[in-house]
There are 2 protein chains.
Amino acid sequence: MSTPPTLPAFRPLYDQIRALLIQSLESGEWKPGEAIPPEPDLAARFGVSQGTVRKAIDALAADNLLLRRQGKGTFVASHAGPDHRHRFLRIVPDEGPKVAPVSTLIDLVRDKVSGPVARALQLRPGSSVIRFRRLLAFAGRPLVLDEMVLPATQFPRLTLERLAEHTGSIYAFYEEAYGVRMIRAEERLRSVAAEAEPARRLGVEPGSPLLCVDRTAYTYGNVPVEWRRGLCLTDGYGYFNELA
Amino acid sequence: MSTPPTLPAFRPLYDQIRALLIQSLESGEWKPGEAIPPEPDLAARFGVSQGTVRKAIDALAADNLLLRRQGKGTFVASHAGPDHRHRFLRIVPDEGPKVAPVSTLIDLVRDKVSGPVARALQLRPGSSVIRFRRLLAFAGRPLVLDEMVLPATQFPRLTLERLAEHTGSIYAFYEEAYGVRMIRAEERLRSVAAEAEPARRLGVEPGSPLLCVDRTAYTYGNVPVEWRRGLCLTDGYGYFNELA
DNA sequence: GAGTGGTCTAGACCACCCC
DNA sequence: GGGTGGTCTAGACCACTCT
């Protein structure tokens, strides 16, 4: 009678090890860019075979949390690393190789959050957030106007100056300055007509079609930490995606 | 002196087995939806251990070429399968659960290919292609105008009637009627102003912003087989993407 | 040469599905 | 209960990197 209905609750060992490894990553035991201990050491530490540790590490490497390098070791992924510098950037030229953009900061304000952004960040409406904007230029042409929204509590004393000091991607900055590591993100794309200000900043007529990219980015445990909206001029450039 | 420069050429066994499995898939030895032989049988057939076969199958399952089902077997993935019915469709409503679209065919013509489409399909300019169009309606509203381009040689005697007979996704149709299996696709998104005809078909004013999705879809061996352009009205709907 | 991840094997046992 | 994929182990050996 009181038996709970169907509780399978079988969890493979490697998956439990995986969770323990994530804990160590989250707690900062191993920092971005650093190597984690060799597999035999981890196997001893957790009291399992090396094969089981391998399977856990494989899963984390597939999720881009770790980076395996044969002969050298296994490293904590970092947005500062050469491979991940613009890991989430999908804007590429129609022809020719991928181009690295140049970022120009515009402004930063403190604000109260509401509506869909509050929902995306799982904040109560009225919570304090920081909003800042930037312009991304590709090959000298301003193509993307980005606005970021962050929970104020997790980014104390953030200023335009501190952002400007940092060379490198924004996620590398979050990582180094606040220990916030972005793991994955969800994007939703629409087509919109340019309002007056974005049009001016991107150098097009108001009403021109722009690609609107709304993103929610998550840290460990699927906790949302950043919402952003990008307005992109897709002229000679496009948002590239691979479907499998 | 005459030694060729650095030819590592080491290829793991499981990767060779993987290639052999793909051959069997491509040759039609195992058809979409069917089960492939059990792992111990394959291990015996290829003269390797079951673990090695597992690793090969794992790789193919990760690429969505095979589907593992514990206790039942390993199956050849099919666009007709319930899980893969709209595997490549990324248009989802802003709120609420994913909606299955209803397709209405418009027309089909034979044509000569040129320009970027020829390049995408790796065809000589002037080669014969089939072009057909359809309208996709979500919850009763027409939201996507699609145009598909196919190499004529691979789709003999294709007519609107044959397309209309088939209930299910277009890729399921290719699979069942022509044995052409779509494995992966690349998409490039832009924002465009609606031309007169798409505007009429989607029920918006000419010049309205539309999401333009260009796709090249590939079969085994990265051979392109279909090019398509979708013009999407992103009103209450969006193109969803996950970044990892 | 030492240390790291990568491959491959053989075998035991477990979880799931269907008869 | 028999068949399938899934987990876990232990050990041998290979490939890559750096010293």
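All values below were derived from every heavy atom in this structure, side-chain atoms included, with hydrogens, water molecules and symmetry-related copies excluded. These numbers were taken from a predicted model, which means no experiment stands behind them. Every chain is numbered from 1, with letters handed out A, B, ... down the list of sequences.
Side-chain contact between Arg54(B) and Tyr14(B) is absent, with no heavy atoms from C-beta onward closer than 4.5 Å. Looking at Trp30(B) and Phe75(B), their side chains never come closer than 4.5 Å, going by heavy atoms from C-beta outward. Using a 4.5 Å heavy-atom cutoff, the side chains of Leu243(A) and Arg90(B) are in contact.
Rounding to the nearest 0.5 angstrom, the gap separating the CH2 atom in Trp227(B) from the CG atom in Leu123(B) is 13.0 Å.
Of all heavy-atom pairs between Leu189(A) and Thr234(B), the closest is O-CG2, 4.1 Å.
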Checklist outcome for this item: Per-nucleotide protein contact along nucleotides 4-9 of chain D, 5' to 3', at a 4.0 Å heavy-atom cut-off (B base, S sugar-phosphate only, - neither), is BBBBSB

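Not less than 6.0 angstrom separates the ring centroid of His84(A) from the ring centroid of Tyr171(A).
A heavy atom lying under 4.0 Å from DNA chain D marks none of the residues of residues 18-32 of chain A.
With hydrogens and angles left out, the side-chain atoms of Asn222(A) and Arg184(A) include a donor and acceptor closer than 3.5 Å.
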